[in-house]
Each structure stands twice: as structure tokens, then as C-alpha cells.
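Excluded from the calculations below are hydrogen atoms, water molecules and symmetry mates; all remaining heavy atoms, backbone and side chain alike, are included. Naming convention: chains lettered A, B, ... in sequence-line order (proteins, then strands); numbering from 1 in each chain.
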Protein chains: 2
Amino acid sequence: MHKEHPLTKNQQIIFDLIDKSPEPMKAYSILFSVQKKGIKAPLQVYRALDKLVEIGKIHKIESRNAFIACHNSSCQVSKATAFSICEICEKITEISSASLSKYLANFKDKDGMKYSKYNLEFFGLCKKCR
Amino acid sequence: MHKEHPLTKNQQIIFDLIDKSPEPMKAYSILFSVQKKGIKAPLQVYRALDKLVEIGKIHKIESRNAFIACHNSSCQVSKATAFSICEICEKITEISSASLSKYLANFKDKDGMKYSKYNLEFFGLCKKCR
DNA sequence: TTTAAAATTGTTATAATATAACACCATGTA
DNA sequence: TACATGGTGTTATATTATAACAATTTTAAA
Ligand SMILES: [Zn+2]
Ligand SMILES: [Zn+2]
Ligand SMILES: [Zn+2]
Ligand SMILES: [Zn+2]
């Protein structure tokens with residue numbers, strides 16, 4: 001299980017913002033949104049983001065440089081992430097599939113090597129955009 | 001099968017450089033290396049990179065903002081990429097596993113949606129670093 | 001309780017990554 | 001020809017992310 005990490009003030013402000021957002025947020029858009037709350041510099045945002053990613057409360061969508069709150073309840077999710085990304089409307093959803101995560105967690109490459117962590121990004125068209 | 005794309009001068013210069021590199025290269029490191037050949041501006045590099053990615057000659061490692069030449073002979077690879085990344089020495093290898101690509105190409109999410117494209121990045125420790 | 005380590009914060013400056021906008025040129029083809 | 005398409009060269013700028021340093025708060029030993 002996750003150890004509980006009580007969030008600090010900046011972390012809480014930024015997590016709440018991302019958590020409420022219907023879509024992934026980018027760092028400088030976060031910065032803009034929290035300036036009224038006293039967070040004025042990029043580093044304050046990036047530090048909170050780093051920590052939130054580390055403890056698995058949010059994930060980074062690498063191909064979009066954007067951050068999304070994790071809504072999976074299971075642990076380990078910060079080490080095993082999968083997303084679907086619509087190439088038209090940019091709708092992004094975290095995929096939680098037991099069979100997928102089982103398959104990837106057990107995947108061995110040619111050298112028999114297993115991996116502790118992965119990030120998978122699927123691209124296609126969402127329901128609306130098809 | 002791929003349609004053959006004869007590379008333009010800039011594309012060829014940049015592809016050759018990446019292809020020879022033992023490790024993925026970043027855009028500005030590419031820029032530095034090709035300045036003696038007359039490529040002087042970031043845009044010239046990014047334009048060539050975009051095209052090379054599009055036609056599948058190279059791939060972008062999203063979590064590293066770096067580019068690697070594709071050594072898979074099969075087609076479709078630019079739409080279905082998987083890499084292993086060592087978190088210590090940053091050694092990066094393209095994974096070519098028929099079973100993995102088959103599994104992912106056929107993966108359907110909860111809504112029964114299939115995806116035209118994916119990128120998977122595994123993280124762990126390479127042989128040397130274990 | 002004291003005290004030292006660890007984590008968090010605030011701040012300025014700067015690095016690294018990527019694109020906008022515009023003019024020009026080459027090549028294919030109607 | 002004349003037009004479309006794609007590539008090039010160039011300057012400027014936007015976007016994303018980190019370095020460096022000082023101060024403060026939290027944590028957990030001693
Ligand atoms: Zn998650
Ligand atoms: Zn869509
Ligand atoms: Zn490849
Ligand atoms: Zn290694």
C-alpha cells in the first residue's frame with residue numbers, strides 16, 4: 001500500500017487544481033491559475049509536480065508535457081501507467097485494465113529482463129471524434 | 001510496405017548522424033553537430049526530425065526528448081514503438097517483440113476502442129547497472 | 001528539550017526545448 | 001506557362017524546465 005503523504009500547502013493547492021481539471025494541465029497554465037494563491041514562480045510549480053508524481057497522486061503525459069490526477073485506487077499505479085489520447089480533441093484518459101497491467105508487469109525482453117516501471121500512451125480517435 | 005521516401009539533404013545529414021550515434025540524440029546536440037555542414041538553426045533540425053519521425057526512420061523517446069534511429073525492418077514501427085530505458089546509465093534500446101506488438105495492437109479498452117498507434121517506455125536497470 | 005538533518009519554500013536568473021512568421025527556391029505536373 | 005507542393009534559410013519568440021542560493025519549517029534523534 002501507499003504510505004500516506006500529507007500534502008504540503010503548495011502541493012495541495014496544485015493537486016486540487018489538477019484534480020478538478022477535466023483535462024490534463026500544463027505547468028505554466030497551472031502557474032497562471034495559482035498565482036492568486038501566492039505561487040509565483042515556475043520552480044514552485046515544478047517542485048510540487050515532481051513530488052506529486054513521485055508519490056503517485058498525478059501522472060505526467062510525456063508526449064504532451066501535461067499532468068493528470070490519478071483516479072486509480074490501486075497502488076503501484078505511478079510505476080505502471082497507461083493512457084489513451086485522442087489525436088483530434090486531445091481527450092486523455094487513464095486506462096486501468098488488469099489484464100494490460102498484468103501483461104506489461106510480466107513482460108520480459110529478449111534478455112529475460114523485467115522492468116519495474118513503464119508508461120504507455122495509446123493514440124487514436126475517441127468516440128466523439130470518430 | 002513503406003513507400004520509399006528519398007531523403008532531402010538536411011534530412012539525410014541528420015538521419016546519418018542519429019543513425020551512427022550509439023545513443024539517442026537531443027535536438028540541440030544534433031544542431032551543434034551539424035553546424036559545420038551548414039545547418040545553423042533549430043528549425044532546420046526540428047523540421048528534419050519531424051519528417052524523419054513521420055516516415056518512421058527515427059523515433060522520439062518522449063520521456064527524454066531524444067531521437068533514436070529505427071532498426072526494425074518491419075513496417076508500422078513508427079506507429080507502434082517500445083523502448084527499454086536504464087534509469088542509471090540511460091541506455092535506451094528499441095524493443096522488438098512480436099508478442100508484445102501483437103498484444104498492444106489488439107488491445108481494446110473498456111469502450112472496445114482500438115488504437116492506431118502507441119508508444120511504450122519501460123524503465124529499469126540494464127544488465128551492466130544491476 | 002535541544003539540536004541537527006531533511007524537506008519545503010521563496011526568489012532571481014538562466015538553460016533547454018520547440019514553434020511562428022515570412023521570404024525564397026526546387027520540383028513536379030496540369 | 002502557371003500553379004501547387006514541399007523544402008530551405010532566417011530572425012524572432014514561445015514554451016518547458018532547472019541552477020543556485022538563502023531562509024524557514026518539519027522531523028526525528030540524542
Ligand atoms: Zn493512475
Ligand atoms: Zn476526440
Ligand atoms: Zn523502430
Ligand atoms: Zn544501465
Exercise for review: Quickly work out the Glu54(A) CD to dT8(C) P distance and round it to whole Å.
Suggested key: 8 Å
Check your understanding: Given atom CE of Met25(B) and atom P of dA16(C), what is their separation to the nearest angstrom?
Key -> 15 Å
**Study point:** Single-linkage hydrophobic cluster, 4.5 Å side-chain cutoff, Phe15(A) and Phe67(A) together
**Key:** yes
Using a cutoff of under 3.5 Å, can you pull out all pairs of nitrogen or oxygen atoms linking the protein to nucleotides 9-11 of chain C, with atom names and distances?
unit_1: dT9(C); atom_1: OP1; unit_2: Thr8(A); atom_2: OG1; d: 2.9
unit_1: dT9(C); atom_1: OP1; unit_2: Asn10(A); atom_2: N; d: 3.4
unit_1: dG10(C); atom_1: OP2; unit_2: Asn10(A); atom_2: ND2; d: 3.0
unit_1: dG10(C); atom_1: OP2; unit_2: Gln44(A); atom_2: NE2; d: 2.5
unit_1: dG10(C); atom_1: O5'; unit_2: Gln44(A); atom_2: NE2; d: 3.4
unit_1: dG10(C); atom_1: N7; unit_2: Arg47(A); atom_2: NH2; d: 2.4
unit_1: dG10(C); atom_1: O6; unit_2: Arg47(A); atom_2: NH1; d: 3.1
unit_1: dG10(C); atom_1: O6; unit_2: Arg47(A); atom_2: NH2; d: 3.4

Exercise for review: Calculate the interatomic distance between Ile13(A) atom CD1 and dT8(C) atom P; express it in whole Å.
Suggested key: 15 Å
Review point. Can a side chain N or O of Asn65(B) be found less than 4.0 Å away from OP1 or OP2 on dA18(C)?
Key: yes
Point to revise | Residue met sooner reading DNA chain D from 5', once Ala27(A) and Pro42(B) are mapped to nucleotides | key: Pro42(B)
Practice item. Verify whether one side chain among Asn119(B) and Glu62(B) offers a donor that lies under 3.5 Å from an acceptor in the other. Key: no
Practice item. Give a yes-or-no answer on whether the side chains of Ser63(A) and Glu121(A) include a donor-acceptor pair shorter than 3.5 Å. Key: yes
**Study point:** Polar side-chain contact Tyr28(B)-dA15(C) base: donor and acceptor under 3.5 Å
**Key:** no
Check your understanding: Roughly how many Å is it from CG in Leu7(B) to P in dG7(D), rounded to a whole number?
Key -> 10 Å
Review point. Among the nucleotides dA17(D), dA18(C), dT17(C), which one has an atom lying closest to any side-chain atom of Tyr46(A)?
Key: dA17(D)
Study note, to complete from the structure: Glu62(A) atom CD is separated from dT17(C) atom C1', nearest whole Å, by 14 Å
Check your understanding: For residues Asp19(B) and His71(B), is any side-chain donor paired with an opposing acceptor at under 3.5 Å?
Key -> yes
Practice item. State, with a plain yes or no, whether a side-chain heavy atom of Asp109(B) is found less than 4.5 Å away from one of Thr93(A). Key: no
Exercise for review: Give the rounded distance in Å between these two atoms: CD of Gln35(B) and P of dT10(D).
Suggested key: 12 Å
Check your understanding: Hey, would you say the Phe83(A) and Phe122(A) ring centroids sit under 6.0 Å apart?
Key -> no
Point to revise | Asp50(B) CG to dT17(C) P, straight-line distance once rounded to whole Å | key: 15 Å
Review point. Between Tyr118(A) and Phe123(B), is the ring centre distance below 6.0 Å?
Key: no
**Study point:** Ile30(B) CD1 - dT17(C) P separation (whole Å)
**Key:** 11 Å
